[in-house]
Amino acid sequence: MNTAIIGLGNIGSRLAKNLVTGGETIIVAAKTPDEAEETARDLGSRAEAMTVEDAIAKADVIILAIYFDAIKQFLVAHREALAGKIIVDPSNPIAPDGKGGFRKIIPDDQSSGVLISQLLPHRARLVKAFGTLGAESLGAAANRSPQRAVLFYAADDTQAGEVVARLIDASGFSPVRVGGIDQSIRIEVGGDLHEYGKLGKLVSAEEAASLV
Ligand SMILES: NC(=O)c1ccc[n+]([C@@H]2O[C@H](COP(=O)([O-])OP(=O)(O)OC[C@H]3O[C@@H](n4cnc5c(N)ncnc54)[C@H](OP(=O)(O)O)[C@@H]3O)[C@@H](O)[C@H]2O)c1
């Protein structure tokens, strides 16, 4: 399975580092080839820079480390090329509120996971993952000891979920499935299992067992 990370900002760059540290070989892609090449150089021989188009063509698992609105546009723009792929969505449907905070940009009872699942290309499978912690924690808490921190994920397709659970493990966290994509709201900002939601902290797999 080839894994590509598209978008190399706060989340994409940290996730790329965590995966490479865990021994994964990855493809990285950004808006410009220069940005992807610079990131790949910093990551070393386990990372290869590609254009977005080549990354989609080569990868089986495509992690869209970009904002919710950009993901929606991306799924439309690359619809045919994304057919049959495992698409990973870390998004939180929020935007700056102009007062130094953030506001949810979709109705309170909706999740970006479900909305994105309605836009999936033919035979593509969606896994909601890598968005349950803030970027700082995603970087700092990888391979935490003595007990690893959990990254929750949601997936309707068991096999796609297992593929991403293995990546979560390789990236230095414990994977815990919350259920299908309809449970995404629980692991997005404001949800009961999000660092910036009712949970408000990192938890171990043991602690997560009673929460899920
Ligand atoms: N930051 C967090 O703490 C956090 C925590 C959990 C989940 N998330 C989620 O993770 C996702 C990424 O957030 P982030 O904070 O990493 O955002 P970010 O720092 O803005 O990084 C996103 C990067 O992707 C680039 N990009 C946008 N559209 C692209 C495209 N079509 N192809 C290639 N690259 C593209 C952006 O370029 P431009 O800047 O030029 O547009 C930017 O460099 C979001 O969905 C967010 O909700 C973030």
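Atoms within a ligand are numbered from 1 in the order they appear, just like the ligands themselves.
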Going by side chain to side chain contact (heavy atoms under 4.5 Å, CB included), name the residues that satisfy it together with R79, two or more places apart in sequence or in a different chain.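 For R79, the residues satisfying side chain to side chain contact (heavy atoms under 4.5 Å, CB included) (neighbours in sequence not counted) are P121.
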List, for ligand 1, each N/O atom that has a protein N/O partner under 3.5 Å away, with both atom names and the distance.
from, atom 1, to, atom 2, distance (Å)
ligand 1, 3 (O), A135, N, 2.9
ligand 1, 15 (O), N10, ND2, 3.2
ligand 1, 16 (O), N10, N, 3.1
ligand 1, 16 (O), I11, N, 2.8
ligand 1, 19 (O), N10, N, 3.0
ligand 1, 19 (O), N10, ND2, 3.1
ligand 1, 40 (O), K31, NZ, 3.2
ligand 1, 41 (O), K31, NZ, 2.7
ligand 1, 45 (O), I66, O, 2.6
ligand 1, 47 (O), N92, N, 2.9
ligand 1, 47 (O), N92, O, 3.4

Please check if any side-chain donor atom of D34 sits under 3.5 Å from a side-chain acceptor atom of T32, or the reverse.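 The answer is no; no qualifying pair exists.
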Ionic contact status for [Y] with [X], cut-off 4.0 Å:
| X | Y | value |
| --- | --- | --- |
| E24 | R166 | yes |
| K72 | D69 | yes |
| K198 | D192 | no |

Report the residue from S111, S117, S112 that forms a side-chain hydrogen bond (donor to acceptor under 3.5 Å, both in side chains) with K128.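 Testing K128 for a side-chain hydrogen bond (donor to acceptor under 3.5 Å, both in side chains) against S111, S117, S112 leaves exactly one candidate, S112.
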